[in-house]
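First up is the structure itself, then whatever we jot down about it.
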Amino acid sequence: MKLTDSPCVRNCCLDSDDMCLGCFRYIDEITSWRSYSDEEKQKITTLCQQRQEDEQSKLNS
């Protein structure tokens with residue numbers, strides 16, 4: 001995936017904290033995606049991967 005691509009997986013559903021359960025970005029990260037630098041996008045992508053792992057861990061507990 002190129003950094004300019006959105007991590008959106010077209011499965012949008014926000015939880016009570018306004019985090020998308022499809023891509024694991026918060027609503028402000030989604031709406032501001034185009035304004036972020038490549039470095040910021042990489043950081044958010046890494047955070048999203050961690051959030052996804054955290055959510056899977058919760059479900060498996």
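Both backbone and side-chain heavy atoms feed into the values below; hydrogens, waters and symmetry mates do not. In this chain, residues are counted from 1 in sequence order. Everything quoted here is computed from the prediction, not taken from an experiment.
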Shortest non-hydrogen contact from [X] toward [Y]:
X     : Y     : value
Ile30 : Cys20 : CD1-CB, 3.9 Å
Cys23 : Pro7  : CB-O, 3.5 Å
Trp33 : Asp5  : CZ2-O, 3.4 Å
Tyr36 : Asp28 : OH-O, 3.6 Å

| said: Quick test of your reading: applying salt bridge (Lys or Arg N to Asp or Glu O under 4.0 Å), list the pairs with at least one residue in residues 42-56, sequence neighbours left out, ordered by first then second residue. | reply: Glu29-Arg51, Glu39-Lys43, Glu55-Lys58
| What residues, two or more places apart in sequence or in another chain, satisfy side-chain hydrogen bond (donor to acceptor under 3.5 Å, both in side chains) together with Ser35? | none
| query | Are Leu21 and Tyr26 connected in a single hydrophobic cluster, I mean Ile/Leu/Val/Met/Phe/Trp/Tyr linked by side-chain heavy atoms less than 4.5 Å apart? | reply | yes
| said: If I take atom CD from residue Gln50 and atom OG from residue Ser57, how far apart are they, to the nearest 0.5 angstrom? | reply: 8.0 Å
| note | In this structure, CZ of Arg25 is separated from OG1 of Thr45 (nearest 0.5 Å) by 8.0 Å
| So among Cys8, Cys12, Ser6, which one has a side-chain contact (heavy atoms from CB on, under 4.5 Å) with Arg10? | Cys8
| Okay, side chain of Asp17, backbone of Met19: is any donor-acceptor separation there less than 3.5 Å? | no
